[in-house]
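Take a look at the structure below.
These figures come from a predicted structure and were not determined experimentally. We use all heavy atoms of the structure for the numbers below, so side chains are in, but hydrogens, waters and symmetry mates are not. Numbered from 1 within each chain, the chains take letters A, B, ... in sequence-line order.
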Number of protein chains: 2
Amino acid sequence: MSEGVEWALHTCLNLAWVEEDRSVPTSTLAAFYELPPAYLNKQLQALVRAGILASTSGPRGGFRLARDPGKITVLDVVAAIEGPQEAFECAEILRQGPGGVPGVDYRKICVISQTMRQAELNWRRELAGRTLADLKSTVEERFPAVPGQTRHGLTNTRT
Amino acid sequence: MSEGVEWALHTCLNLAWVEEDRSVPTSTLAAFYELPPAYLNKQLQALVRAGILASTSGPRGGFRLARDPGKITVLDVVAAIEGPQEAFECAEILRQGPGGVPGVDYRKICVISQTMRQAELNWRRELAGRTLADLKSTVEERFPAVPGQTRHGLTNTRT
DNA sequence: GCTCTGGTACTCGGATAACTCGTGTCCGAGTTCTATAGG
DNA sequence: CCTATAGAACTCGGACACGAGTTATCCGAGTACCAGAGC
């Protein structure tokens, strides 16, 4: 899995702590974790295309969450970076086998495909059940200092 | 995820239907699904290194299951091909952040890492709960003709 | 007829290329702010 | 003093290189079988 997923998740969570109308530029977001700014920008573009973030050009521009943190799931962010296709892509090799029939959808018949699909479905279901708001409240409970530090680090117009 | 996983799973399941002492060469296994023989051989080597398959050189040689199908889980096969590392590899970018402390293991502290790890753990747990014997019996129940076809296709010394 | 031996054919195993995709970077399009000149 | 305007600075967005991992292939090492010669 791409490491951009980790960057995207942390960045979205950080954005959940700044004022809703305020945008944060890529340079600031990247400096927060010492990430390569241009590449992080590329990842954030994908989040914009997925409708998770909204972007603004020009001075005072940057990125902000496109909707309420409670309406953004972890799966949304992962799918935006990794793409919609599932990890185990069944190539239906059974079709080439002895009992292969052209008209059959082996993704639904094949027991192996079913097993892998079911496991991945549960994985997605778990990630779809966790929203940014959940992560936010959990962190605030365990590390009360983090929200203030984050907001300060992202809104301070820096050197 | 590598498509070699699909090949390995189908091949292992097929090997579960041939007599236990009989070995099947790569050429026969590859011809069964019209796969590239040399590349399939490479994947099977990984299964041998993982202790899932056993190999024999020379005439009448080939591959066979190294242990009982009930003792081989789907996760074993997946891990043998994909490697032991997990999909979401936490790079601990929090360490580079404002509140970063060198001695802390952020893989255990970070809420995002915990979430991703938990989801993936469930995924592994599900795959670890399915053995080749389970798949075998399910297929035999739904498609009674498959075992005979498979055994015949793999044990027939052909052109 | 039995046994030993050399050869042959067959199979795995690792070393070797081609290619796709993830990683990283750069410059242009668009927007806002500001300073200045004019009324 | 107020306003319009031209310039400049800042930011996103997509286009352009680089490298690692996957995909694919080939040839050598090792082994079992077989044929033939000797006893």
Side-chain angles (χ1 to χ4, degrees), chain A residues 1-8 11 15 21-31 33-64 66 78 80-85 87-89 91 93 154 157-159, chain B residues 1-8 11 15 21-31 33-64 66 78 80-85 87-89 91 93 154 157-159:
Chain A
M1 181 172 298
S2 171
E3 68 176 336
V5 172
E6 186 180 1
W7 302 359
T11 300
L15 284 174
D21 58 344
R22 180 139 191 179
S23 293
V24 183
T26 303
S27 58
T28 304
L29 292 169
Y33 294 125
E34 300 180 7
L35 302 176
Y39 190 33
L40 177 63
N41 189 337
K42 187 179 179 65
Q43 309 285 3
L44 298 182
Q45 286 176 30
L47 295 178
V48 172
R49 278 192 292 268
I52 296 171
L53 296 185
S55 62
T56 308
S57 289
R60 308 286 298 168
F63 293 93
R64 64 190 179 280
V78 172
I81 302 295
E82 286 291 295
Q85 71 283 2
F88 180 82
E89 188 78 16
I93 64 175
L154 292 184
T157 58
R158 16 115 289 113
T159 148
Chain B
M1 180 172 298
S2 171
E3 68 176 336
V5 172
E6 186 180 1
W7 301 0
T11 299
L15 284 175
D21 58 344
R22 180 141 191 177
S23 293
V24 182
T26 303
S27 58
T28 304
L29 292 168
Y33 293 125
E34 301 181 7
L35 303 176
Y39 189 34
L40 177 62
N41 189 338
K42 186 177 179 64
Q43 309 285 4
L44 298 183
Q45 286 175 29
L47 295 178
V48 172
R49 278 191 292 270
I52 295 171
L53 298 185
S55 62
T56 309
S57 290
R60 307 287 297 171
F63 294 92
R64 64 191 179 281
V78 172
I81 302 294
E82 287 289 296
Q85 71 283 6
F88 180 83
E89 188 77 18
I93 63 176
L154 292 184
T157 58
R158 11 126 290 119
T159 144

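Atoms CD (A/Glu82) and P (C/dG22) sit 7 Å apart, rounded to a whole Å. Spacing between atom CD of B/Gln43 and atom P of C/dC12 amounts to 14 Å, rounded to whole angstrom units. Nucleotide D/dC12 holds its P atom 8 Å from the CG atom of A/Leu44, rounded to whole Å. Computed from coordinates, the B/Ile81 CD1 to D/dT23 P distance equals 10 Å when rounded to whole Å. Summarising the geometry, the separation between CD on A/Gln85 and P on C/dC21 is reported as 10 Å, rounded to the nearest angstrom. D/dT23 atom C1' lies 10 Å from atom NZ of B/Lys42, rounded to whole Å. Atoms CD (B/Glu6) and P (D/dT23) sit 12 Å apart, rounded to a whole Å. A/Asn41 has its CG atom 14 Å from the P atom of D/dA15, to the nearest Å.
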For this session: Output, in order, the C-alpha distance, side-chain angles, deciding distance and verdict of side-chain contact (heavy atoms from CB on, under 4.5 Å) for B/Glu6 and B/Met1.
Result: CA-CA 10 Å; B/Glu6 186 180 1; B/Met1 180 172 298; over 6 Å; no
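B/Arg64 and B/Thr56 form a side-chain donor-acceptor contact under 3.5 Å, judged by distance and modelled atom types alone.
Evaluation of atom-type donor-acceptor distances gives a pair under 3.5 Å for the side chain of B/Gln45 against the base of C/dG14.
At the phosphate of C/dC12, OP1 or OP2 sits under 4.0 Å from a side-chain N or O atom of B/Thr26. Distances shorter than 4.0 Å separate none of the side-chain N or O atoms of B/Ser57 from OP1 or OP2 on D/dA32. The phosphate of D/dT25 has neither OP1 nor OP2 within less than 4.0 Å of any side-chain N or O from B/Tyr39. In this structure, A/Arg49 reaches the D/dG14 phosphate: one of its side-chain N or O atoms is under 4.0 Å from OP1 or OP2.
The residue among A/Thr56 and A/Pro37 whose nearest nucleotide of DNA chain C is located toward the 5' end is A/Pro37.
Candidate nucleotides C/dT23, D/dT25, D/dG14 were compared by shortest atom distance to the side chain of A/Glu3, and C/dT23 ranks first. Of all nucleotides listed (C/dG13, D/dC12, C/dG24), C/dG24 comes nearest to the side chain of A/Trp7. Nearest to the side chain of A/Phe63, among D/dC12, D/dT25, D/dT22, sits D/dC12.
Looking at B/Gln43, its side chain never comes within 3.5 Å of a backbone N or O of B/Val5 through a donor-acceptor pair. No donor-acceptor pair closer than 3.5 Å links the side chain of A/Glu3 to the backbone N or O of B/Ala91.
Atom CD1 of B/Ile52 sits about 11.5 Å away from atom CG of B/Leu15, to the nearest 0.5 Å.
When heavy atoms are screened at a 4.0 angstrom cut-off, A/Ser23 is found touching no nucleic acid atom at all.
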